[in-house]
Amino acid sequence: MAQEVKDNPVSTAREGAVAVLTLQSGPVNALGSGLRQGILTAFEAAEADPAVKAIVLIGGGRMFSAGADISEFGKPQSGISLPDLLNRVEASTKPVVAAIHGNALGGGLETALACHYRVAVPSAKVGLPEVKLGILPGAGGTQRLPRVVGPRKALEVIVGGSPIGAKAAAGMGLIDELAPEDSLRAHAVAFAERVIAEGRPLTKIRDRNDKIAEGRESPGLFAAFREENARKTRGFEAPEACIACIEAACRLPFDEGLAFERAEFQKLVSGTQSAAQRYVFFAERQAAKIPDVPDDTPARPIARVGVIGAGTMGGGISMNFLNAGIPVTIVETKREALDRGLKTIRTNYENTAKKGRLRPEDVETRMGLLSDTLELEKLAECDLIIEAVFEDMGIKKEIFSKLDRIAKPGAILASNTSYLDIDAIAAMTNRPADVIGMHFFSPANVMRLLEVVRGEKTAKDVIATAMQIGRKVGKIPVLVGVCHGFVGNRMLAERQREANRLILEGVTPWDVDRVIYEFGLPMGPFTMSDLAGLDIGWSRETNKSESVRDLLCEQDRRGQKTGAGFYDYDARRKATPSKVTEEIIAKVAERQGVKRRDATDQEILERTLYPMVNEGAKILEEGKAIRASDIDIVWINGYGWPVYRGGPMFWADTVGLPKVLERLRAYQAEYGDAFKPSALLERLAAEGKGFKDL
Ligand code: TC6
């Protein structure tokens, strides 16, 4: 056998007539140029060795492979490409068996599909998540998978992008055999020996045409799939390219299908959407890193969580912990409110169970972890207490001074406030180092963003614990600093102010909403206000009928819940533009002497989104966010900013900061200092740089 190549990330060991090639590269066996070359070298050596009759490919470390090295996309390719490597493996003169544990994702699964056989442990996960990076499985995945599982399942796996468990994959014929958890390697070798002994043929997926016949016989299945998924895939380019490739797999000979896939892949990988989605992949992981709080900062143990307030937020927050198996004590001031809160939590779980997404017995297990009380003192045993009451500084201060007396030493005291000053809240205690903001987004059991707000005195291990527990309950925590509205709502306020100004100038709320929706956000500012309720923080006594909102509320147009707000709503909550609203707006505009004029869609976009970018720059200047990409992660996960536009700061870079600056200056001349460009934006634009260069 050929000499082992020094520093090859693929090691070769011989077990009888079987050569076992172990991939050993970084934490996830990403198929970068080094690993691709390593596989080729080791594979060719094994193939050339007459003593070797079969080859096993297995991953060392945590997994088989997480796929292509995402950081290589968009750079010139070096060495053999993955598609070429896999064609080479498939053409092997000796049977190749993929032995899968951990993950086989993207190019990892495509590698396994180029092998002649696949064995996996039951805990393994396989999938083609490329679509989530704005690309498609470009190493034969769109051509090979439909040949194994049929076009219908292939559409689900490739366009859906979610991994599937090995057992389910075995059920689809994607895995040939399941191996015991603790003896994958031995099992794969035995499997290979059986293949040799039985003289089994070199089955190549490329030659299998039975399953794809369905795609030719009922071509309507593609149109139906497009229609079913139109809402989910709105605005994205990659899903359609994936579908087209699977159609091509059914229609074209294998090699032509591969060429089609290659061309579609190249288009996507060089586009802005994929650049944005790959950026988000790394940005999400970056957000976990805090320069002065190292990864190994010991976190405080959290065995029980207390939640103050059983309203919408308190209930949703509690569910996160219950879902993760962490007991929660929930507190209210009145029995009635407590019972209502508990009932909502139970109903939420029961509805999930009805949809088949939760086992009925788990409803009881989760409810069983929940204790309820009317006494704040009962929180004495909690390791983390999250206050989620009404946004009133007075009430919050009172609660925190009580908590200071009640909570055990070392307990973390968190506020879910979305605007208020954490430092002022912390000052009510004798332990400001233990106080932090944990700002969940509504609905708190669904939205993935968690703004972790660092107060002036918050201890490092408290920050580490909040970030860690956030991740444990499935959130994407982002560390932010104390300022009004923190990162997300502070920027949102900019958009709202300009949206309000635009409607007074004569742009309809429906046009503002349409432009924002077409940009890719799930809804525009006025639909959002109607959904949240226009009367949040409004009262007839204190608000003096000066704004459009005041007048709408006075007429009991308080949003979806009252059947009318900016829009009119029918019984099924379908919105239609309202003449009443238009009249109210005209009246307020006249009273304020606002000149009515037209605005183009482009102006609507610039006027609502550029001030957000500008505010993001101020947030960075003030050090309220660690990095521009953290701001983008806030907007993607908290407000539904379209991931294919990478977040507001990434998007501004794609527009070009000199252009953003020039427009801000123009609007500043017309509308005043709300548009005054931040010093950071000015500097970056002057230096020809972007937020990405910070
Ligand atoms: C593809 O295959 C296309 C093929 C066609 C080609 C023609 N590349 O997530 P973790 C890094 S596209 C580069 O924290 P986990 C990650 O950034 C790819 N780097 O671990 C992190 O680095 P850090 C399709 C990668 O255990 C470290 O590894 N595949 C890659 O929580 C650990 O990662 C996918 O989309 C990569 N492919 O989750 C799968 N993957 O420590 C992407 C990870 O410096 N990966 N890194 O921050 C995942 O979904 C997850 O990593 C996981 C493991 C589920 C595999």
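For clarity, every value in this text was computed on a predicted model and none was experimentally measured. Ligands are counted one by one from 1 in listed order, and the atoms in each one are counted from 1 as well.
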Any ion pair linking Arg226 and Glu240 (charged N to carboxylate O, less than 4.0 Å)?
-> yes
Thinking salt bridges, do Glu110 and Arg144 make one under a 4.0 Å N-O criterion?
-> no
Pairs of nitrogen or oxygen atoms, one from ligand 1 and one from the protein, closer than 3.5 Å: please tabulate them with distances.
{"residue": "ligand 1", "atom": "2 (O)", "partner": "Ala68", "partner atom": "N", "Å": "2.8"}
{"residue": "ligand 1", "atom": "2 (O)", "partner": "Gly107", "partner atom": "N", "Å": "2.7"}
{"residue": "ligand 1", "atom": "8 (N)", "partner": "Ala68", "partner atom": "O", "Å": "3.4"}
{"residue": "ligand 1", "atom": "8 (N)", "partner": "Ile70", "partner atom": "N", "Å": "2.9"}
{"residue": "ligand 1", "atom": "9 (O)", "partner": "Arg285", "partner atom": "NE", "Å": "2.8"}
{"residue": "ligand 1", "atom": "9 (O)", "partner": "Arg285", "partner atom": "NH2", "Å": "3.0"}
{"residue": "ligand 1", "atom": "26 (O)", "partner": "Arg62", "partner atom": "NH1", "Å": "2.5"}
{"residue": "ligand 1", "atom": "26 (O)", "partner": "Arg62", "partner atom": "NH2", "Å": "3.4"}
{"residue": "ligand 1", "atom": "29 (N)", "partner": "Ala66", "partner atom": "O", "Å": "2.8"}
{"residue": "ligand 1", "atom": "37 (N)", "partner": "Ala66", "partner atom": "O", "Å": "3.4"}
{"residue": "ligand 1", "atom": "37 (N)", "partner": "Ala68", "partner atom": "O", "Å": "2.9"}
{"residue": "ligand 1", "atom": "47 (O)", "partner": "Lys289", "partner atom": "NZ", "Å": "2.8"}

Side chains of Asp84 and Ser81: is there a donor and an acceptor less than 3.5 Å apart?
-> yes
Under the side-chain hydrogen bond (donor to acceptor under 3.5 Å, both in side chains) rule, collect the residues that match up with Arg300, sequence neighbours excluded.
-> Asp434, Asp461
Counterpart residues, side-chain hydrogen bond (donor to acceptor under 3.5 Å, both in side chains), relative to Asn320 (two or more places apart) | Lys475
N/O donor to acceptor pairs below 3.5 angstrom from side-chain atoms of residues 97-109, sequence neighbours left out:
{"residue": "His101", "atom": "NE2", "partner": "Gly61", "partner atom": "O", "Å": "2.8"}
{"residue": "His101", "atom": "NE2", "partner": "Met63", "partner atom": "N", "Å": "3.4"}

